[in-house]
Structures are given as structure tokens and as C-alpha cells.
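Note that these values count all heavy atoms, side chains included, but never hydrogens, waters or copies made by symmetry. Worth saying up front: this structure is predicted, and the values here are computed from it rather than measured. A note on names: the letters A, B, ... follow the listed sequences, proteins ahead of strands, and every chain is numbered from 1.
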Protein chains: 2
Amino acid sequence: MAGIKIRNMDEFARVSGVSRPTLSKYFNAPESVRERTRTKIEAALEAHDYRPNIYAMNQNRKLTKTIGIVVPLLTDPYFAEIARSLEQRCVAEGYRPTLFSSHGDTAMEVEVLETLRSLKPAGVLLAPLGRASNLRGLEKFCADVPTLIFDSSVDQIGLAFVGSDNFQFTSHITDYLCRTGEPPCFFEMKTPANPNAHRRRQSYLDAMKVYGFEPHVISVEGEGWDIEEIGRLGGHDALKSGRFSTNTILCSNDRLAIGLLTACYEQGIHVGRGPECTIRVAGQDGHPHSRYTCPPLTTISHDYDAVSQTAAETLFTAIEGTVKPWESTRLEGKLIMRDSA
Amino acid sequence: MAGIKIRNMDEFARVSGVSRPTLSKYFNAPESVRERTRTKIEAALEAHDYRPNIYAMNQNRKLTKTIGIVVPLLTDPYFAEIARSLEQRCVAEGYRPTLFSSHGDTAMEVEVLETLRSLKPAGVLLAPLGRASNLRGLEKFCADVPTLIFDSSVDQIGLAFVGSDNFQFTSHITDYLCRTGEPPCFFEMKTPANPNAHRRRQSYLDAMKVYGFEPHVISVEGEGWDIEEIGRLGGHDALKSGRFSTNTILCSNDRLAIGLLTACYEQGIHVGRGPECTIRVAGQDGHPHSRYTCPPLTTISHDYDAVSQTAAETLFTAIEGTVKPWESTRLEGKLIMRDSA
DNA sequence: ATAAAAAATTTACGCGCGTAAAATAATTTG
DNA sequence: CAAATTATTTTACGCGCGTAAATTTTTTAT
């Protein structure tokens with residue numbers, strides 16, 4: 001009995017004692033068939049390890065059970081972590097997540113969306129490249145495919161936006177830094193890929209104004225996603241030329257901070273809160289690696305779990321029929337105090 | 001003309017002035033049709049943005065153009081980087097790469113392979129979990145799907161193995177450490193997930209014997225893939241209890257070294273080659289982050305490019321018909337001297 | 001027990017494309 | 001220029017499943 005190779009659903013219908021249309025129903029929603037029928041099917045499934053042909057299944061379906069997850073750069077541990085988390089939530093809900101990375105490239109992002117469109121996904125969780133994204137392309141895509149934007153928002157595109165509250169991020173950590181030492185200057189890329197960077201700069205300026213301190217922004221050159229190296233080189237420049245106006249540096253993001261820490265090390269500058277330290281450095285993001293820098297990096301962390309949960313659930317409810325007006329959810333970050341500031 | 005929505009290949013055949021079977025040939029191998037025909041097709045493609053239905057295409061194909069890329073953990077920057085590189089090579093050859101992560105979990109690895117099997121991929125590039133892999137499952141999968149194993153080898157499974165020469169890695173860096181200071185002791189996980197770890201330990205023992213030094217292996221507790229934390233906690237223990245027999249520590253891999261560096265920092269121990277430093281630390285892997293530790297980590301790096309190129313090309317030639325006997329390629333690493341040792 | 005409702009089955013068709021065979025057209029060769 | 005070769009078109013069938021409509025069986029309610 002178990003030796004017979006099942007070639008298609010018809011054959012499997014025979015050995016399981018259930019009709020093919022019923023099987024079709026079962027595979028698309030196991031709960032939709034009577035319990036006794038389900039038991040019969042699952043017993044046969046044990047004995048014959050049959051799996052429906054994915055391609056034939058999806059051919060005649062308007063929408064598949066696929067969910068696309070697109071991030072700008074999968075080699076960035078932050079995106080890798082959030083993608084991992086989203087992936088798990090999709091699986092838990094019975095969807096088939098498929099991972100894509102734009103590799104920091106506009107053309108690639110466009111191509112990924114084209115590929116995705118032809119995959120007829122039930123929905124897409126998209127973290128756009130940001131500044132480099134092809135806006136009109138994104139809009140057209142979102143018009144055809146239920147798309148939730150996360151991480152960095154681009155106008156009012158898609159079903160909704162879920163990300164972190166960058167204003168809260170920066171104002172919160174600026175507040176912390178002001179209360180515990182010299183007010184910070186702000187270290188950032190001149191032309192950041194991610195629009196969140198602008199929010200963070202603005203929020204820094206606002207916060208400093210509130211506290212009555214003079215803001216200082218140090219913008220360093222450098223394009224692309226090799227952010228640690230940009231931070232390191234820019235850090236060297238700024239340190240040598242004395243552009244840091246106070247002993248406290250708030251970086252626009254953790255990767256920049258990591259590069260700056262390396263620059264400090266290379267110049268023999270001690271970072272931290274200890275008595276022999278001359279400079280404090282803080283980041284923003286709660287990058288997976290920030291725990292292991294030397295000194296461990298004080299940062300304000302995304303609420304990874306909440307972002308991923310909100311994003312996934314918002315998409316799921318939209319897919320399952322509940323149409324809501326466009327909405328932006330921005331979650332607060334949590335300050336992680338470590339030795340660097 | 002450009003306004004007409006093309007619904008299928010038949011309609012597209014009409015507007016392009018080419019027969020449907022010829023179109024079918026074109027989409028499966030553009031070079032296989034005459035140039036003038038190709039020009040006509042591509043002109044129509046410009047005007048009508050038609051894309052063949054992926055599902056219908058693959059349904060009747062024994063083998064698709066899909067290539068599966070499976071890594072144990074996509075959140076590990078090493079795997080993320082190698083996956084990125086492989087992905088690009090697949091695209092360049094006209095394949096459709098699909099990324100999967102086992103998330104460090106055996107059951108997940110099995111499931112990924114099941115999913116992959118039903119995707120009828122042309123081939124698979126698989127970095128197994130290692131010790132935790134389901135061997136019999138892997139074998140069965142490799143019997144059905146052209147699979148190239150990379151990173152960590154598991155018997156003589158699949159088409160071939162491509163990875164790094166762990167013996168050369170460890171003996172080379174051990175040699176370097178011996179020549180430049182005290183001979184190293186070896187810092188590792190007691191129960192590593194990756195079989196390469198055993199080769200590295202053995203190679204360390206061999207190398208020390210050759211040089212006539214007494215080897216010391218410090219094996220720390222800890223399961224799973226949270227390797228930096230294991231290194232940090234194990235590092236604290238070992239430092240406090242004086243288990244490091246020399247001032248030089250060779251770590252089994254970079255992530256462990258990164259954790260150890262943090263432990264050193266937290267105990268106020270200076271790492272490096274400078275006069276005020278009391279300990280040297282080296283890693284192995286050339287982890288993307290190793291450049292940015294403090295001090296920057298001396299390590300022996302995988303030849304990422306060569307590994308990915310050899311792996312991809314070996315798979316491609318196998319797919320395209322050339323059947324070769326199983327073969328193991330182990331590429332040498334390059335010593336990267338930095339400040340930590 | 002009977003009627004009403006729900007679930008499963010039967011029947012039948014179509015999706016968009018792959019692909020094979022035979023016929024035809026275009027190109028190259030001598 | 002005719003013959004040989006190569007490329008394209010025509011014709012025709014099938015893949016494995018979704019899905020709709022009509023029918024039968026089973027379950028639940030009265």
C-alpha cells in the first residue's frame with residue numbers, strides 16, 4: 001500500500017477514499033472539511049507522502065498563499081533579523097514566505113517587484129530602499145498587490161506603514177545623553193539611503209532646542225550601504241579635524257556608531273563613561289551586534305517583535321478581507337544603556 | 001497598440017507576429033531562436049510588458065530554472081554574505097535563485113528540503129546544519145535533486161563539496177601566532193553545531209605538535225547559534241579561572257572571538273599587540289564584522305569569492321549535463337593581520 | 001421520524017503553457 | 001539555381017489542479 005507512488009491528486013483521491021474536489025478543499029484550508037474526512041486524508045498522507053503540485057495549484061488561483069518579504073539588504077543583520085521574524089509569523093499563519101533582497105540597488109528592487117508580481121502573492125511585506133526607490137514603480141505595484149510597507153515609509157503607499165518612531169528614538173536618547181553628561185553632537189551620513197535618517201536629524205535639532213543647547217551636526221561623505229566603513233573614515237576625519245564639538249556623539253544609526261568606535265580605537269581614544277574615557281558614543285537601532293562592540297554600545301532599540309508582529313498582522317487582516325484606511329504605526333524604541341555612553 | 005493587456009502567450013504571439021511555440025522556445029532560451037525573430041519578440045516585449053505565467057511554465061517542466069540556496073542561518077552575516085554572492089551568480093547565469101534559511105533547526109531544514117523538492121529546482125546549493133542535519137533525509141533529497149554541498153561537508157553526499165580547507169586555516173594561523181608571540185591556546189565550543197569545528201581543533205593539535213608546543217584546548221558550554229554570547233560567557237569563566245594557559249588565544253571562529261573580546265573588555269583586559277596589551281586574540285572565518293571589532297580582529301578569512309564561484313560553477317556544469325564523480329574542493333584561506341594578534 | 005441544512009461527490013470544463021510531429025518557410029551550401 | 005539544412009509554424013494533446021453546478025449523502029434541527 002505504502003509503496004505506490006502517487007502521481008497526482010486523482011490517484012491520491014483513490015487511495016484516501018475521498019473525492020478530488022474535497023482534497024482540493026482540504027489542501028487549501030484543512031479546517032473546511034469535516035473532521036472525519038480530514039482524518040481519512042491525513043491517514044493517507046502518512047502512508048503515501050503525497051504533496052500537491054505547487055505550480056498546478058497556483059496556476060488557476062488568482063491569489064496564492066505566498067507572501068513576499070522584501071528588504072533592502074539581507075546582509076545587514078538588522079534586516080536579516082526582522083526578515084527572520086516576519087518569515088516565522090507567515091509560516092505560523094499558513095502562508096509561504098519568500099525572501100528577497102534588493103541588494104541596495106534600485107534596478108534590483110524594481111526587478112524583485114516584477115518577479116513578485118508574477119508570483120501572484122497574497123501579500124507583500126516591503127521595506128523599500130528609501131531615497132533610491134522608484135516611486136512610481138512602487139505605486140503601481142502597490143495598486144496591484146496588497147503591500148504593507150515597513151521600516152522606512154514612502155508617502156502614503158500601500159495598505160499601511162509600520163515602523164519605528166524615529167522622532168521618539170532620537171529625542172529619547174538625546175534626552176538621556178543630555179541628562180547624563182555633555183549634550184551630544186550628531187554624527188550622520190550626508191546622503192543617507194534611508195529616509196529615517198532625516199527624521200532623526202530633525203528630531204535631534206528639535207530636542208536640542210527644547211533643552212536649550214546648541215546643536216552640532218557632523219555630516220560625513222559616502223554613498224551606499226558600507227556604513228561601518230563610512231563611519232570609520234568619517235570618524236577619523238572628524239576626530240582629526242576636531243569637528244566634534246562636545247565629548248558626546250549621537251550617531252544616526254548603530255552601523256555608523258560601530259565604524260566610529262573603530263576609528264576611536266584606531267586613534268587611541270577611550271570611549272565610554274569610565275574615568276579614563278574622553279568621549280561618549282551612542283547609536284540608534286539596537287543592531288544585533290551592538291551588544292558586542294567594545295565598549296558595548298548604548299543605543300535605542302527597535303522593538304523588533306512589535307514591529308514584526310504589527311506588520312504581519314496588519315497584512316494578514318487586510319488579506320483576509322478587512323479593508324481599513326491607510327494607517328501609519330510608529331512604535332517606540334527602548335533605550336539600552338550600555339558602557340559606551 | 002500598447003494599451004492592450006496581454007493575457008497569455010497566445011495573445012502575445014499575435015501582437016508579436018511570432019508563433020506561440022517559438023515564443024516558448026524564446027522564453028526558455030533566448031539564444032535558441034533566430035536573431036530576427038528575437039528582435040521581433042523583444043520589440044513586442046517593450047510595447048506590451050507581457051511576462052509568461054511562472055506557474056503554467058513550470059507545471060509541465062520536469063526541471064525548472066529555479067535554484068535553491070539553503071543556509072543554516074541567514075542572520076549570520078557570514079552566511080548572508082555567501083548567500084548574496086551565490087544569488088548573484090545564479091542570476092547572472094539566467095537561473096532564478098530562491099533563498100531559504102533553516103534557522104538553525106533540524107525540523108526546519110527537513111521542511112525546507114521538502115518545499116524545495118516540490119519546487120522542482122534545477123539544482124540546490126546547500127549549506128547543511130551540520131551535526132544537527134538529518135543525514136538520511138539529506139541523502140534521499142540529494143538522490144532526487146542535483147545538490148551541491150557547501151561550507152560544511154557531510155559524508156560524500158550530493159554532486160560535490162566546496163568549502164574551505166579548515167586544516168590549512170588553523171595550521172596557517174597557528175603558525176603565524178607561534179612565530180609572532182606565545183603559542184596559542186584554543187578556544188572553542190564543547191558541542192559545536194558545525195563539523196568544521198572538529199577539523200579546526202584537530203588541526204590546532206597537529207600544528208602544535210609539529211612546533212613542539214604543548215596544546216591547550218578550552219571548550220566552553222553552550223548550545224545553538226548564539227555564538228557571541230557563548231564566547232562572552234565562556235570567556236568570562238575562562239578568564240576568571242585562569243584557564244588560558246598562554247597570552248594568546250586562537251578562537252575556533254570569529255563569532256566566538258567577538259564574544260571573547262567583549263568579555264576581555266568587560267574585565268578591563270587589553271587585547272592586542274601593543275605594549276600595554278596582555279593578551280592576543282585571533283579568530284577564524286573572516287567574518288564581515290571582524291574588521292570593526294576593537295581591536296580589529298586578526299583572522300584567517302574564507303575566500304568568499306572563490307568558494308561561491310566554485311560552488312556555483314560546479315553546480316551549473318552538473319546541471320548542464322556534465323556528470324563528474326563526486327569531488328571535494330577545499331579552498332585556502334587568507335591570513336588577515338590586524339591589531340588583535 | 002421527517003424536514004432542513006451542511007458536507008461531500010460527480011461531472012465537466014478550463015487555465016497557460018510544454019512539447020512532439022508534421023508541414024512549411026527561410027537560409028546556407030555546392 | 002537546386003538541394004540540403006536549419007528555423008519556424010501549425011496542429012494537437014496533455015499536465016495537475018481550480019472551480020462551478022448538479023446530485024447524493026450525511027448531519028442537525030424540528
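Ion pairing between a basic and an acidic side chain is recognised when a charged N comes within 4.0 Å of a carboxylate O; Arg84(B) and Glu81(B) show such pairing. Between Arg14(A) and Glu11(A) there is no salt bridge, since none of the side-chain N atoms of the basic residue sits less than 4.0 Å from a carboxylate O of the acidic one.
Protein atom CE of Met9(B) is 14 Å distant from nucleotide atom C1' of dC15(C), rounded to whole Å. Taking atom CG of residue Leu23(A) and atom P of nucleotide dA7(C), one finds them 17 Å apart after rounding to whole Å. Protein atom OH of Tyr55(B) is 14 Å distant from nucleotide atom P of dC17(C), rounded to whole Å. One interatomic measurement links the two molecules: NZ of Lys62(A) to C1' of dT19(D), which rounds to 11 Å at whole-angstrom precision. Rounded to a whole Å, the NZ atom of Lys25(A) is 18 Å from the P atom of dC17(D). Taking atom CD1 of Ile6(B) as the reference point, atom P of dC17(C) lies 11 Å away to the nearest angstrom. We find that CG of Asn28(B) is positioned 13 Å from C1' of dG16(C), with the value rounded to whole Å. Rounded to whole Å, atom P of dC17(C) lies 18 Å from atom NZ of Lys65(B).
You'll find the side chain of Thr64(B) reaches within 4.5 Å of the side chain of Tyr55(A), heavy atoms only.
With hydrogens and angles ignored, a donor-acceptor pair under 3.5 angstrom links the side chain of Asn60(B) to the base of dC17(C). In the interface, the side chain of Gln59(B) is paired with the base of dG16(C) through a donor and an acceptor atom under 3.5 Å apart. One can find a donor-acceptor pair under 3.5 Å joining the base of dG18(D) and the side-chain atoms of Arg20(A).
Applying the 4.0 Å criterion to OP1 and OP2 of dT8(D), one finds that Arg36(B) has every side-chain N and O outside that range. OP1 or OP2 of dC17(D) lies within a sub-4.0 Å distance of a side-chain N or O belonging to Tyr50(A). Distances shown here put every side-chain N or O of Ser24(B) at or beyond 4.0 Å from the OP1 or OP2 atom of dC17(C). The side chain of Thr22(A) places no N or O atom within less than 4.0 Å of a non-bridging phosphate oxygen (OP1 or OP2) of dA8(C). Put simply, Ser19(B) has no side-chain N or O that comes within less than 4.0 Å of OP1 or OP2 on dT8(D).
Of the candidates dT9(D), dT8(D), dC17(D), the closest approach to any side-chain atom of Val33(B) belongs to dT8(D).
As judged by a 4.0 angstrom heavy-atom cut-off over every strand, Arg38(A) is placed among residues making no nucleic acid contact. If you check every strand for non-hydrogen atoms under 4.0 Å, Asn58(A) touches nothing.
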Would Arg136(B) and Glu139(B) satisfy salt bridge (charged side-chain N to carboxylate O under 4.0 Å, His left out), going step by step from the backbone distance to the final call?
CA-CA 5 Å; Arg136(B) 292 193 45 226; Glu139(B) 267 177 13; over 6 Å; no
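Between Pro21(A) and Arg34(A), the residue whose closest nucleotide on DNA chain D is further toward the 5' end is Pro21(A).
With no hydrogens or angles considered, a side-chain donor-acceptor pair links Arg89(B) and Ser308(B) at under 3.5 Å.
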